[in-house]
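Below: one structure, written as structure tokens.
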Amino acid sequence: MTYVMSNSEAEYTDADFETVQRIAQDEAGICLPESKKTLVYSRVSRRLRELGYASFQAYLDFVRTPGGRDEMEKLICALTTNVTHFFREKKHFEHMESVVVPHLVAKLRAGGRARLWSAACSTGQEPWSMAMSVMTAFPDAPSHDVRILATDINSEVVARAAGGTYAEAETEGIPQPLKAQYMVPDATGELRFCGPICLLPVFRVLNLNAAWPMKGTFSAIFCRNVVIYFDEVTRERLWQRLAEKLEPGGFLYVGHSERVSSVDRCGLQQVAPTIYRKDR
Ligand SMILES: C[S@@+](CC[C@H](N)C(=O)[O-])C[C@H]1O[C@@H](n2cnc3c(N)ncnc32)[C@H](O)[C@@H]1O
């Protein structure tokens with residue numbers, strides 16, 4: 001069935017939607033239910049317009065050629081949302097500051113190593129919030145072996161995150177004293193993280209549903225508001241893999257509408273509605 005939104009817009013058939021569903025599943029583990037058909041049209045047709053394609057079929061044929069690899073990434077990005085903000089779900093940061101950070105500080109003071117992971121970091125508000133939490137408790141952190149790995153499938157948001165520069169309005173969730181301590185206004189009036197805090201986060205492009213290059217374990221993993229895009233099987237496989245990446249006693253933080261149903265299999269214990277601890 002042809003599904004055209006208006007006479008001036010691109011041709012979009014049921015078969016095209018099924019192709020997008022298959023691509024999203026194969027490339028990123030993203031599950032697009034039938035109810036997302038119109039949303040997919042409005043998100044993807046922007047890409048068609050930018051590239052000058054008149055039909056979804058022609059565009060989808062292109063993204064599946066070797067020359068369409070970069071566009072494939074843009075297509076996947078068009079299918080997800082990057083909404084985030086500083087200190088989102090404040091309870092997670094309160095828990096991390098009172099339970100994880102003191103343990104991490106003790107470990108670092110004893111000459112050890114500590115790693116945190118923001119596993120779908122979007123434009124960076126999550127890892128930079130984590131960095132402020134660590135710096136507040138332990139200003140000397142950058143001279144120790146501590147890093148916050150910040151990853152996302154979308155290279156554009158990762159580049160923005162790494163730039164650490166935000167419009168004043170975007171920094172609303174940052175308490176004023178932290179803003180004054182860790183950010184400076186740039187020439188355009190935006191605020192940019194500066195100084196030793198910048199040594200903590202390390203930004204990388206990473207598909208959560210592909211292979212992970214990291215060798216070590218993490219004291220805490222934030223994997224929030226991303227598994228909502230995945231089907232049940234993909235979600236459960238991801239929880240299992242994340243649990244394996246936690247050190248014993250480490251914590252997994254998930255989004256407010258997400259939960260790990262397979263806690264026993266993952267060796268996790270629920271300590272709060274969206275916080276899980278790995279058994280020793
Ligand atoms: C709504 S944002 C969540 C940002 C942050 N974690 C938070 O809770 O505020 C979802 C992010 O997940 C990323 N994403 C979607 N599928 C992914 C995948 N397969 N691997 C890694 N990141 C993915 C998107 O690019 C997007 O930036």
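Counting convention: from 1, in listed order, for ligands and their atoms alike.
Note: Tyr41 and Phe56 have parallel aromatic rings, judged against thresholds of 30 and 60 degrees for the angle between ring planes. The aromatic rings of Phe193 and Tyr166 sit perpendicular, their planes meeting at an angle over 60°, well past the 30° parallel limit.
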- Using the salt bridge (Lys or Arg N to Asp or Glu O under 4.0 Å) rule, take Glu244 and Arg241 through it: C-alpha gap first, then chi angles, then the decisive distance, then the call. CA-CA 5 Å; Glu244 284 163 12; Arg241 293 177 75 201; over 6 Å; no

- Item | salt bridge (Lys or Arg N to Asp or Glu O under 4.0 Å) between Arg88 and Glu126, intermediate numbers included | CA-CA 7 Å; Arg88 183 180 196 178; Glu126 185 174 274; over 6 Å; no

- Task: Determine, stepwise, if the pair Tyr253 / His95 fulfils ring-ring contact (aromatic ring centres under 6.0 Å, His included).
- Result: CA-CA 10 Å; Tyr253 299 86; His95 181 274; 5.6 Å; yes

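When all heavy atoms of Arg259 and Trp239 are compared, the closest pair comes out as O-NE1, 3.4 Å.
For atom 22 (N) of ligand 1, the closest non-hydrogen atom of the protein is Ile153 N, 3.3 Å. Arg224 O, 3.6 Å is the protein heavy atom nearest to atom 3 (C) of ligand 1. With respect to atom 8 (O) of ligand 1, the closest heavy atom belonging to the protein is Asn225 ND2, 2.7 Å. Among protein heavy atoms, atom 7 (C) of ligand 1 sits closest to Arg88 NH1, 3.2 Å. In terms of protein heavy atoms, atom 12 (O) of ligand 1 is closest to Val226 CG2, 3.4 Å. In this structure, the protein non-hydrogen atom closest to atom 19 (N) of ligand 1 is Asn207 OD1, 3.0 Å. In this structure, atom 6 (N) of ligand 1 lies nearest to the protein heavy atom Ala120 O, 2.8 Å. Of all protein heavy atoms, the one closest to atom 2 (S) of ligand 1 is Thr81 O, 3.4 Å.
Taking any N or O of Asn154, backbone or side chain, none lies under 3.5 Å from an N or O belonging to ligand 1. Ligand 1 has an N or O atom lying under 3.5 Å from an N or O atom of Glu126, backbone or side chain. The shortest N or O to N or O distance between Ala28 and ligand 1 is below 3.5 Å. For the pair Asn82 and ligand 1, the shortest N or O to N or O distance falls below 3.5 Å.
Within 6.0 Å of the CG atom in Asp70, the count of heavy atoms belonging to other residues, nucleotides or ligands does not exceed 12.
Near Asn209, meaning under 4.0 Å from any of its heavy atoms, are these atoms of ligand 1: 19 (N). Close contacts of ligand 1 with Leu208, meaning ligand atoms under 4.0 Å from a residue heavy atom, involve 18 (C), 19 (N), 20 (N), 21 (C). Interface of Ser122 with ligand 1, defined as ligand atoms under 4.0 Å from a residue heavy atom, comprises 4 (C), 27 (O).
If you take OG1 on Thr84 and CG on Asp152, they are separated by 9.5 Å, rounding to the nearest 0.5 Å.
Closest heavy-atom approach to atom 24 (C) of ligand 1 within the set Ile228, Thr123, Asp152, Val157: this belongs to Asp152.
With Trp117 as the fixed residue, the ring-ring contact (aromatic ring centres under 6.0 Å, His included) test singles out one of Phe251, Trp212, Phe203: Trp212.
Contact annotation for Thr80 and ligand 1: only side-chain heavy atoms (C-beta onward) come within less than 4.0 Å of the ligand.
Inspection of the Ser261 and Glu236 side chains reveals an N or O donor paired with an N or O acceptor under 3.5 Å.
Looking at Leu191 and Asp186, their side chains never come closer than 4.5 Å, going by heavy atoms from C-beta outward.
Ligand 1 has at least one atom lying under 4.0 Å from a heavy atom of Leu206. The shell of residues lying under 4.0 angstrom from ligand 1, judged by heavy atoms, excludes Phe222.
Checked against the 6.0 Å centroid threshold, Trp128 and Phe86 do not count as a close aromatic pair.
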